[in-house]
Amino acid sequence: MATLTVSATASLTGAKRIVIKIGSALLVSHGELRARWLDGLAEDVAMLKERGAQVILVSSGSIALGRGILGLPSGELPLEQSQACASVGQIRLARAYQEALEPHGIVTSQVLLTLEDSADRRRYLNSRATLDALLGLGVVPIVNENDTVATDEIRYGDNDRLAANIAVTVGADRLVLLSDVDGLYTANPSVDPEAKHIALVEEITHEIEDMAGEPVSGLSKGGMKTKVMAAKTAISGGCTMAITEGAKDRPLSALEAGARATWFLAAEDPAHARKRWIGAMKPKGEVQIDAGAVSALAKGKSLLPVGVEEVVGHFGRGEPVVVLGPDGARIGLGLSRYTSEEAEAIKGAHSEDIQAILGYSGRAALIHRDDLVT
């Protein structure tokens, strides 16, 4: 299993896929958008894109913006008013990002998610495929929790954990939480003058978790506890994470220049972590493939329906299935992009014939190479 060096990971340098989380307190002040700060962030995103990195922004701020537009007072809002604020604020937020990034030639998109979208494997695969497609087209997706429909039982509740889940979903190698704090301390620095900043965390121990405090911002829902929870999710998926103070102009440039931050190091890369996760799953069914498909998989290609000879068991989309060779020998384990009924219907068929068989357009691959452990 690949081990990454500290110098290679405690930096944005060389990162290929970066998720950046922006807190409400950075983006919104007294109900108004901080347009100048956002312009600086856009310059940083353009810088990362110019050197070949793919970028996803996970942005808070829709409720805070909507509250300002609707003239609602500060303090806790009833659920229906929060959702109304989110509905109003999401339009303004999306437009703000579009206006900030468009001068740099960057196309943006809006992606709204809930906790259910990552807990349900079918929705998880849909989210992953959509985000992969957007990134492949050079788009910078703007992701937010879908506050207009999410209720407590299907909420992340904070965008720190949402950002970590997005990072793992897309196989990002870096996650940056731009916050109103510059990292993890041994105690809450606002109440303990002896608190010491921690620059590097190579393992999240119980001691590290105990150091996490509570929110200090009136706009931010996520305190240090949620950030450490996010770090646990990120590093388990092979993604190194940084917490840094984001209020300064061009905060990502500042981070690269050595601004104070806490880096949580992943011990392996995202591809290894994902393969390990899939390999630990209990299979729900089997597909037997022909010799041509075996050869294609050995070359790192995806499993197409045309190479499938038999389908065994009952499985849903996104569930793990064993891949068997013509002689019954186990080739690998992967996540199916089709149900067992759909797989039975399209086995042996060419990808261009899937729509005629199923009556709707489907994925070209039965099991994508990124979802297959051989």
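Residue numbers start at 1 and run along the sequence shown.
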Checklist entry - Looking only at heavy atoms, what is the nearest atom pair of Gln54 and Gly136, with distance? => result NE2-N, 4.0 Å
Item to check | Closest non-hydrogen atom pair between Ala291 and Pro326, with its separation | outcome: N-CG, 3.6 Å
Pairs under 3.5 angstrom only: tabulate donor-acceptor contacts from the side chains of residues 242-255 to other protein residues two or more places apart or in another chain.
{"from": "Thr244", "atom 1": "OG1", "to": "Arg260", "atom 2": "O", "distance (Å)": "3.0"}
{"from": "Glu245", "atom 1": "OE1", "to": "Lys248", "atom 2": "NZ", "distance (Å)": "3.1"}
{"from": "Glu245", "atom 1": "OE2", "to": "Ala247", "atom 2": "N", "distance (Å)": "2.8"}
{"from": "Lys248", "atom 1": "NZ", "to": "Glu245", "atom 2": "O", "distance (Å)": "2.9"}
{"from": "Arg250", "atom 1": "NE", "to": "Asp44", "atom 2": "OD1", "distance (Å)": "2.9"}
{"from": "Arg250", "atom 1": "NH1", "to": "Glu43", "atom 2": "OE1", "distance (Å)": "3.4"}
{"from": "Arg250", "atom 1": "NH2", "to": "Asp44", "atom 2": "OD1", "distance (Å)": "3.1"}
{"from": "Arg250", "atom 1": "NH2", "to": "Ser253", "atom 2": "OG", "distance (Å)": "3.4"}
{"from": "Ser253", "atom 1": "OG", "to": "Asp44", "atom 2": "OD1", "distance (Å)": "2.5"}

Item to check | SB check Lys225 Glu209 (cutoff 4.0 Å) | outcome: no
Checklist entry - When rounded to the nearest 0.5 angstrom, what is the spacing between CG in Asp160 and OG in Ser179? => result 7.0 Å
Checklist outcome for this item: dist Asp269:CG -> Lys275:NZ (nearest 0.5 Å) comes out at 11.0 Å
Checklist entry - According to the salt bridge (Lys or Arg N to Asp or Glu O under 4.0 Å) rule, which pairs have a member within residues 50-61, sequence neighbours left out? => result Arg51-Glu256
Checklist entry - Do you reckon Ile331 sits in the same ILVMFWY cluster as Met281, going by side-chain contacts under 4.5 Å, direct or chained? => result no
Item to check | pair Leu48-Ile20: side-chain heavy atoms closer than 4.5 Å | outcome: yes
Checklist entry - Taking the side chain as C-beta and beyond, is there a heavy-atom pair between Pro141 and Leu135 under 4.5 Å? => result yes
Item to check | Pairwise side-chain contact, Ile142 with Val140, heavy-atom cut-off 4.5 Å (strictly under) | outcome: yes
Next on the checklist: Assess whether a salt bridge exists between Asp370 and Arg274, defined as any Lys/Arg side-chain N lying under 4.0 Å from an Asp/Glu carboxylate O.
Outcome noted: no
Item to check | Minimum heavy-atom distance between Ile63 and Ala86, given as atom pair plus value | outcome: CG1-CB, 3.8 Å
Next on the checklist: A side-chain contact here means heavy atoms from C-beta on lying under 4.5 Å apart; do Val201 and Ile235 qualify?
Outcome noted: no
Next on the checklist: If the condition is side chain to side chain donor-acceptor pair (under 3.5 Å), which residues does Glu99 pass it with, not counting sequence neighbours?
Outcome noted: none
Checklist entry - Is there a path from Val306 to Leu297 through hydrophobic residues (I, L, V, M, F, W, Y) whose side chains come within less than 4.5 Å of each other? => result no
Next on the checklist: The test is side-chain contact (heavy atoms from CB on, under 4.5 Å); show your working for Phe315 and Thr339 and say whether it passes.
Outcome noted: CA-CA 6 Å; Phe315 50 87; Thr339 66; 5.6 Å; no
Checklist outcome for this item: Taken in chain and number order and not counting sequence neighbours, the residues that satisfy salt bridge (Lys or Arg N to Asp or Glu O under 4.0 Å) with Asp39 are none
Checklist entry - So do Ile106 and Tyr97 actually touch side chain to side chain, heavy atoms under 4.5 Å? => result no
Item to check | Residue pairs involving residues 52-96 (criterion ring pair (Phe, Tyr, Trp, His ring centres under 6.0 Å); sequence neighbours excluded) | outcome: none
Next on the checklist: Quick one: does any side-chain atom of Arg34 pair with a main-chain N or O of Leu26 as donor and acceptor, under 3.5 Å?
Outcome noted: yes
Checklist entry - Which pairs with one or both residues in residues 281-305 pass side-chain hydrogen bond (donor to acceptor under 3.5 Å, both in side chains), sequence neighbours excluded? => result none
Item to check | Heavy atoms of other groups near Glu207 CD, more than 12 under 6.0 Å | outcome: no
Checklist entry - So if you build clusters from Ile, Leu, Val, Met, Phe, Trp, Tyr with side-chain heavy-atom gaps below 4.5 Å, do Val176 and Leu200 land together? => result yes
Checklist outcome for this item: Here the gap from Arg317 atom CZ to Arg363 atom CZ, rounded to the nearest 0.5 Å, amounts to 5.5 Å
Checklist entry - Is it true that a side-chain atom of Thr374 and a backbone atom of Gly332 form a donor plus acceptor pair closer than 3.5 Å? => result no
Checklist entry - With sequence neighbours left out, what residues match Ser361 under side-chain contact (heavy atoms from CB on, under 4.5 Å)? => result Gln355
Checklist entry - So do the side chains of Thr130 and Asp132 get within less than 4.5 Å of each other, counting heavy atoms only? => result no
Checklist entry - Going by the ring pair (Phe, Tyr, Trp, His ring centres under 6.0 Å) test, which pairs reach into residues 327-374, not counting sequence neighbours? => result none
Item to check | Ser236 side, atom OG; Trp277 side, atom CH2 - distance, nearest 0.5 Å | outcome: 10.5 Å
Item to check | Check: Lys196 main-chain N/O paired with Thr186 side-chain donor or acceptor under 3.5 Å | outcome: yes
Next on the checklist: Is any side-chain heavy atom of Pro305 closer than 4.5 Å to one of Ser351?
Outcome noted: yes
Checklist entry - Given Val323 and Leu333, is the side-chain contact (heavy atoms from CB on, under 4.5 Å) satisfied, shown in steps? => result CA-CA 6 Å; Val323 180; Leu333 179 73; over 6 Å; no
Checklist entry - Which salt bridge (Lys or Arg N to Asp or Glu O under 4.0 Å) pairs, counting each pair once, include a residue from residues 333-358, with sequence neighbours left out? => result Glu310-Lys347, Arg337-Asp371, Glu344-Lys347
Item to check | Hphob cluster co-occupancy, Leu175 + Ile198, side-chain heavy atoms under 4.5 angstrom | outcome: yes
Item to check | Same cluster (ILVMFWY, side-chain, under 4.5 Å), Ile278 and Val321 | outcome: no
Item to check | For Ala187 against Asp192, the heavy-atom pair lying closest together | outcome: CB-OD2, 3.5 Å
Checklist entry - Is atom CZ of Arg123 surrounded by more than 12 heavy atoms (other residues, nucleotides or ligands) closer than 6.0 Å? => result yes
Checklist entry - Measuring from Cys239:SG to Glu268:CD, what's the distance to the nearest 0.5 Å? => result 12.0 Å
Checklist entry - With sequence neighbours excluded, what pairs up with Thr262 under the side chain to side chain donor-acceptor pair (under 3.5 Å) test? => result none
Item to check | Criterion side-chain contact (heavy atoms from CB on, under 4.5 Å) on Leu184 and Met224, from CA distance to verdict | outcome: CA-CA 7 Å; Leu184 177 66; Met224 191 56 65; 3.6 Å; yes
Item to check | Polar contact flag, side-chain donor to acceptor under 3.5 angstrom, Asn159-Ser60 | outcome: yes
Checklist entry - For Glu32, does the CD atom have more than 12 heavy-atom neighbours from other residues, nucleotides or ligands under 6.0 Å away? => result no
Checklist entry - Of all heavy-atom pairs between Ala293 and Leu303, which one has the smallest distance, and what is that distance? => result CB-CD1, 3.9 Å
Atom pairs and distances, donor-acceptor, side-chain atoms in residues 166-173, under 3.5 Å, two or more places apart:
{"from": "Thr169", "atom 1": "OG1", "to": "Asn165", "atom 2": "O", "distance (Å)": "2.7"}
{"from": "Asp173", "atom 1": "OD1", "to": "Lys16", "atom 2": "N", "distance (Å)": "3.4"}
{"from": "Asp173", "atom 1": "OD1", "to": "Arg17", "atom 2": "N", "distance (Å)": "3.1"}
{"from": "Asp173", "atom 1": "OD2", "to": "Lys16", "atom 2": "N", "distance (Å)": "3.0"}

Item to check | Atom pair CE/NE2 of Met47 and His104 - distance to nearest 0.5 Å | outcome: 11.5 Å
Checklist entry - Given Leu366 and Leu304, is the side-chain contact (heavy atoms from CB on, under 4.5 Å) satisfied, shown in steps? => result CA-CA 5 Å; Leu366 181 71; Leu304 303 181; over 6 Å; no
Checklist entry - Do the non-hydrogen side-chain atoms of Ile56 and Ile18 ever get within less than 4.5 Å of each other? => result no
Checklist entry - Can you name the residues that form a side-chain contact (heavy atoms from CB on, under 4.5 Å) with Gln81, not counting sequence neighbours? => result Leu72, Leu77, Pro78
